[in-house]
Structure formats: C-alpha cells, structure tokens
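Since the structure comes first, as structure tokens, the remarks are kept for the end.
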Amino acid sequence: MALLWFLVLVVNGLARYAQLQLTNVIGQRLMFNLRNAIFAHWQRMGVAFFDRTAVGELVSLISNDVDAINQVFTGGLILGVGNVVSAVFIIVFLLLINWSLALLVLGMAVVMLVAATLITRQMRQAQRWTRSRLGSINGFIQEAVSGVTTIQLFNADRRIRDDFDVVNQEYSRANLHSATLFSIFLPLMNWLGAATAGLLLWFGGGHVIHHLLTLGTLVLFIQFAERLTTPVRDLADKLAIFQTAVASAERIFALLDRAATDADGATTSVIQPGVLSFDHVWFAYQGEDWVLRDVSFEVAPGEKVAIVGATGAGKSSLISVLIRFYDIQKGTIRLGGEDIRALDRREIRRRIGVVFQDPFIFTGTVGHNISLGESMTSDRVEQAAAAVYADSFIRRLRGGYDYVLHERGSDISTGQKQLLSFARAFAFEPDILLVLDEATASVDPETERIIQASLLKLVAGRTSIIIAHRLSTIEHADRIIVLHKGQVVETGTHSELLARQGVYSRLYELQYKDRLAAP
Ligand code: DCP
Ligand code: MG
C-alpha cells in the first residue's frame with residue numbers, strides 16, 4: 001500500500017506539472033496573439049482615433065488588460081474547475097462514510113464560501129480602484145517625461161512633484177485597501193479551517209469515545225476536511241479573477257470591434273497622375289466646428305502652389321484631409337479625376353509625399369529614420385540625404401548613417417530633424433505630388449540657407465503644394481492660395497496679390513516682410 005501511495009504521489013506530481021505547463025503555454029500563446037491583434041488593429045485605426053485616446057490608456061490595455069485575461073489560465077479558472085470537481089468528490093465520499101460528520105463539514109464549507117464571496121467582492125472593487133489609479137500614475141509619468149523641458153523651464157518641477165505626490169498617494173491608498181482586505185481574508189479562512197477541525201475533534205472525538213466511530217475514520221475526516229476547505233477558499237478567489245478578466249475582455253474587444261478606417265471600400269488601387277482638385281470641400285474635426293469651409297482650388301501637374309494664412313487658418317488640416325487622415329463631410333477631393341474616397345489610402349500615401357510641420361524621429365539609426373524599414377539600398381538612402389543637403393551633418397555624427405538617434409530625436413537639432421524629414425520624403429520618391437508643411441520654428445541663417453536649398457531640390461520637377469511660412473518659399477511658387485478662417489479668399493501671384501491690397505498684403509506686412517529671404 002505504501003508503495004502504491006508513493007506511486008500515486010509521483011503520478012500526481014507529474015500530472016500537476018503537465019497541467020501547469022499546459023495552462024502556461026495556452027495562456028502565453030493567448031496573450032501573444034491578443035497583443036499582436038491589438039497592436040495590428042491600432043496600426044489600422046485612423047488618426048482621429050489617436051486624437052482622442054490617451055497613451056496611458058492604450059498602454060494599460062495592451063499590458064494590464066491582456067494580463068488580466070491570462071490570470072484566468074495561470075492559476076485561474078482552469079484550476080478552479082478542478083477544485084470544484086475534487087470538492088464534489090470529497091463531499092460524496094464523506095457522506096458515504098459518515099453522513100452526520102459529513103454534514104458538519106459541508107455546513108462549514110458553506111460558511112467559508114459565503115465569507116469568501118463577501119470579501120472577494122470587496123476585493124474586486126478594490127482591484128478596480130487600484131487599476132484605475134495605476135492608469136493615472138502611468139499617464140502622469142508619460143506626460144511629465146515628455147514635457148520635462150517645459151516643466152523645468154517654467155520651474156514647475158516642485159508643483160509637478162506635488163501633483164505626483166497626490167496621484168502616488170491615491171495609488172498607495174488603493175493598494176493598502178486591497179492589502180487590508182487580503183490580510184483579513186487569509187486569517188479568517190485559516191481560522192474557519194481550524195474551527196472545522198476543532199468541531200470535528202469535538203463531535204468526532206465523542207463518537208470515538210462511545211465507540212460509534214473508529215479513530216481512523218476521524219483522522220480521515222480531519223484530513224479530507226482540510227482538502228475541502230482549500231478548493232472552497234480558492235473558488236471564491238477564482239471567481240473574482242474571472243470577473244476581472246471579463247471586464248478586461250470587454251474593453252479589449254470593444255477596441256477590436258471598432259471598424260478600422262482602412263477597411264472602407266477603396267475601389268481603385270492605381271492613381272493616374274493628373275489635376276488635384278478641391279471642390280467645395282467642407283471639413284470639421286468635430287460636429288459643426290468647420291475648419292475648412294467651401295474650399296475649392298486646383299493644382300495642375302507640374303505646378304508649384306504655396307498656401308499661406310494666419311495660424312489656425314486650416315492649412316495643416318487641408319493636408320490631413322488630402323491624404324485621408326480624416327474624411328471630409330461635404331464636397332469632393334479629386335486626384336487625376338478620381339474621388340479620393342474611392343482610392344486606397346496606402347496608394348495615396350505612397351504617391352503623395354508629405355513633410356509635416358514637426359517631423360517625428362524614431363529611436364534607431366539615421367539610415368533607418370530615412371528608410372523607415374522599407375527595403376531600400378543604403379546607396380539610395382545616402383543619395384536621398386545628399387540630394388537634400390542632409391549628408392554633411394549626418395557624416396559629422398559618430399557612425400554617420402549608423403548613428404543611433406534617441407526617442408523623438410532629442411539629440412539632434414530642429415533644423416537637422418527637418419533635413420532628415422526632407423531626405424525621408426525624397427527617398428520615398430513620391431511621383432504625383434509633394435506636400436510640404438513648412439516648419440514655423442526659426443533656425444540660424446546658415447541652416448536656414450541649407451533648408452531653403454534643400455527644399456528647392458525636393459520640389460524641383462514635382463507638382464507641389466507648400467504651406468509657406470517664409471517669404472523666399474512663397475516667391476518661388478507659381479501661384480499663391482490665401483486661406484483665411486478656413487476659406488480660400490485670394491489666389492494669384494505674389495505681385496498680383498500685393499496689388500489687391502487684401503488679406504495677403506496684410507499678412508505680408510505683418511508676417512513675411514521682416515522675414516526676408518535668407519542671405
Ligand atoms: N484642430 C482640431 N483638431 C486637430 C487639429 C486641428 O480641432 N487634430 C483645429 C485647431 C485649429 C484648426 O483645427 O483651430 C486649424 O488647425 P490647423 O492645424 O489646420 O491650422 P494651421 O496649420 O493653419 O496653423 P499653423 O500655421 O499654426 O500651423
Ligand atoms: Mg499647421
């Protein structure tokens with residue numbers, strides 16, 4: 001019998017190992033797939049989605065919420081199901097041996113289940129609280145790190161430290177609350193377990209003295225009662241985990257069920273070069289707050305058009321709708337005669353090169369920041385950089401094209417970032433149109449001269465739209481479109497518009513006159 005018992009223990013151990021390993025593998029695969037699915041879905045969401053979602057929230061979705069679902073597997077519901085099965089077996093077994101003692105054990109098990117349920121319900125609340133506080137801390141840190149220069153510049157570090165102290169304290173308090181509940185839970189369960197053993201000894205012992213029960217049976221009862229309380233205690237715990245997982249799953253699937261913007265019906269995948277036209281275009285980011293009002297203009301192939309206007313006039317928005325970051329509410333934008341809503345977004349962005357006002361720099365080498373992982377030879381990368389006069393500064397970096405830039409390009413200058421973004425646009429060889437949202441930040445005259453030369457190289461021989469902030473850029477344009485509060489108010493050449501004495505001449509007096517072409 002002893003040998004058999006030993007064998008059972010060995011098999012039990014092996015089976016446990018197999019079970020744990022299996023649930024781990026399933027859990028990890030599930031998390032892996034979920035994270036990939038969420039990330040892939042994000043990449044397909046429109047820019048508008050990111051306008052209104054906090055980074056901290058997204059991070060917590062892909063880490064905390066995915067993790068909560070995994071909890072169901074590792075040490076979660078699967079083991080919980082095993083617990084229920086073994087509890088039922090134990091109860092039936094005990095009832096068969098001695099029903100009165102069995103009822104006593106069962107009664108205590110019910111008491112424990114009720115107590116455990118009550119406490120775990122509290123714990124679930126506490127967990128929710130803790131998680132939301134954790135989200136706040138994450139969000140706070142993310143913002144404080146991104147805004148560190150502004151914080152230090154305005155000596156706001158002490159104030160921000162105080163603010164952090166508040167969110168930190170709330171997180172601590174939430175954690176402490178959870179911990180308190182937990183420290184009640186465990187002793188209480190242990191106490192109830194001990195009470196069960198005590199009651200068994202009391203009643204069972206009496207039965208033994210009166211020879212109504214063998215000592216062996218009593219020992220068996222005490223042992224099995226202990227084996228019963230563990231699953232009962234766990235069960236309540238597992239239910240709480242399951243509840244949290246369901247809440248997380250709801251959040252995740254709410255995201256995955258959101259339609260991705262690139263899923264809408266594009267019918268034409270090849271764009272024919274031709275005229276770009278805005279035809280009575282109306283656009284608002286939200287509701288009826290029109291940012292573009294009845295905008296109409298055309299850009300013929302080979303033409304270089306400059307768009308000017310006061311800050312907030314809607315110039316950058318014009319580009320966002322052109323490359324379908326957002327869809328317009330009224331009117332039509334046509335490329336080569338085709339409504340852009342019928343065109344594939346990827347194709348639009350491949351054929352139209354855009355340089356944004358504030359270029360984004362990724363962590364990685366200079367070369368990678370130009371090619372963005374697209375398979376292009378290093379020759380092509382270097383040629384692109386040389387074409388826009390970016391290579392002289394790149395060569396001065398240690399390692400040249402292999403120099404590793406840091407997050408958001410914190411270790412190169414604003415002007416250098418611009419040159420890098422020009423090189424990026426050049427390397428991708430947009431053949432239909434090049435759009436350039438000129439940066440407003442001013443740089444030293446020498447860099448200014450390089451950027452101007454670089455810009456001219458970029459637009460040479462291309463149809464281009466330049467949102468201009470520099471007089472020298474405007475002067476090189478074939479035509480100027482003046483945007484005022486979302487409307488096209490004037491069109492013409494520099495001298496024509498000056499002669500008109502309208503919005504452009506006012507803008508010129510106020511904005512451009514002093515910023516004469518770089519020496
Ligand atoms: N806007 C918005 N949501 C965004 C971007 C802009 O509600 N995601 C609003 C803010 C402005 C208006 O749209 O009131 C126009 O913004 P633009 O960025 O198009 O303005 P400009 O590019 O003309 O201004 P600047 O010269 O400063 O770049
Ligand atoms: Mg802008």
Side-chain angles (χ1 to χ4, degrees), residues 16-42 45 53-88 112-139 170-171 173-186 188-189 229-258:
R16 269 260 129 166
Y17 164 76
Q19 182 193 23
L20 281 177
Q21 197 51 22
L22 191 66
T23 51
N24 282 339
V25 169
I26 293 174
Q28 288 302 330
R29 272 226 69 87
L30 179 111
M31 293 212 295
F32 173 83
N33 288 334
L34 259 182
R35 281 193 301 258
N36 268 350
I38 294 171
F39 191 79
H41 200 72
W42 280 342
M45 293 304 280
T53 318
V55 180
E57 216 164 283
L58 296 180
V59 170
S60 112
L61 193 79
I62 207 165
S63 54
N64 297 0
D65 286 324
V66 169
D67 218 41
I69 293 183
N70 182 47
Q71 293 290 316
V72 173
F73 285 87
T74 56
L77 201 71
I78 305 289
L79 296 183
V81 170
N83 284 343
V84 174
V85 172
S86 69
V88 168
M112 287 177 87
L113 196 60
V114 170
T117 313
L118 288 179
I119 295 184
T120 45
R121 190 173 298 163
Q122 295 288 317
M123 279 159 98
R124 201 185 314 150
Q125 280 293 342
Q127 278 300 321
R128 259 187 221 140
W129 190 31
T130 315
R131 288 158 68 94
S132 91
R133 295 303 98 190
L134 181 64
S136 305
I137 279 206
N138 281 345
E170 293 213 344
Y171 181 51
R173 214 174 301 143
N175 265 326
L176 199 63
H177 182 64
S178 284
T180 308
L181 285 173
F182 202 71
S183 52
I184 295 172
F185 182 70
L186 273 186
L188 183 68
M189 288 300 134
T229 51
T230 320
V232 165
R233 194 170 60 190
D234 282 358
L235 192 66
D237 206 29
K238 302 302 177 248
L239 284 178
I241 291 175
F242 188 63
Q243 289 292 341
T244 320
V246 168
S248 290
E250 275 168 3
R251 275 210 290 276
I252 290 173
F253 285 99
L255 170 86
L256 291 182
D257 289 343
R258 277 177 84 132

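- Every residue two or more places apart in sequence or in another chain was checked for a side chain to side chain donor-acceptor pair (under 3.5 Å) with Gln28, and none qualifies.
- Partners of Arg29 under the side chain to side chain contact (heavy atoms under 4.5 Å, CB included) rule, at least two apart in sequence or in another chain, are Phe32, Asn33.
- Inter-residue side-chain proximity for Gln122 and Leu118 is flagged as unmet; no heavy-atom pair is nearer than 4.5 Å.
- Minimum interatomic distance between Leu188 and Ala115 (heavy atoms only, all atoms of both residues): CD2-CB, 4.2 Å.
- The side chain to side chain donor-acceptor pair (under 3.5 Å) analysis of residues 245-258, with sequence neighbours excluded, yields the pairs Asp65-Ser248, Asp65-Arg251, Arg131-Ser248.
- Here NE2 of His41 is found 12.0 Å from CD1 of Ile62. Values are rounded to the nearest 0.5 Å.
- The CG atom of Asp67 lies 11.0 Å from the CG atom of Leu34; values are rounded to the nearest 0.5 Å.
- Residues meeting the side chain to side chain contact (heavy atoms under 4.5 Å, CB included) test with Val55, sequence neighbours left out: Val59, Gln142.
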Less than 3.5 Å apart, which donor and acceptor atoms pair up between the side chains of residues 178-185 and the rest of the protein, not counting sequence neighbours?
from, atom 1, to, atom 2, distance (Å)
Ser178, OG, Thr130, OG1, 3.4
Thr180, OG1, Leu176, O, 2.7
Ser183, OG, Ala179, O, 3.1
Ser183, OG, Thr180, O, 2.8

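- Inter-residue side-chain proximity for Asn70 and Leu30 is flagged as unmet; no heavy-atom pair is nearer than 4.5 Å.
- For the atom pair CD1 of Ile252 and CD1 of Ile38, the computed distance is 4.5 Å after rounding to the nearest 0.5 Å.
- Distance check: Phe39 CZ to Leu61 CG gives 13.0 Å after rounding to the nearest 0.5 Å.
- Legend: residues meeting side chain to side chain contact (heavy atoms under 4.5 Å, CB included) with Ser136, ordered by chain and number and at least two apart, are Arg133, Val167.
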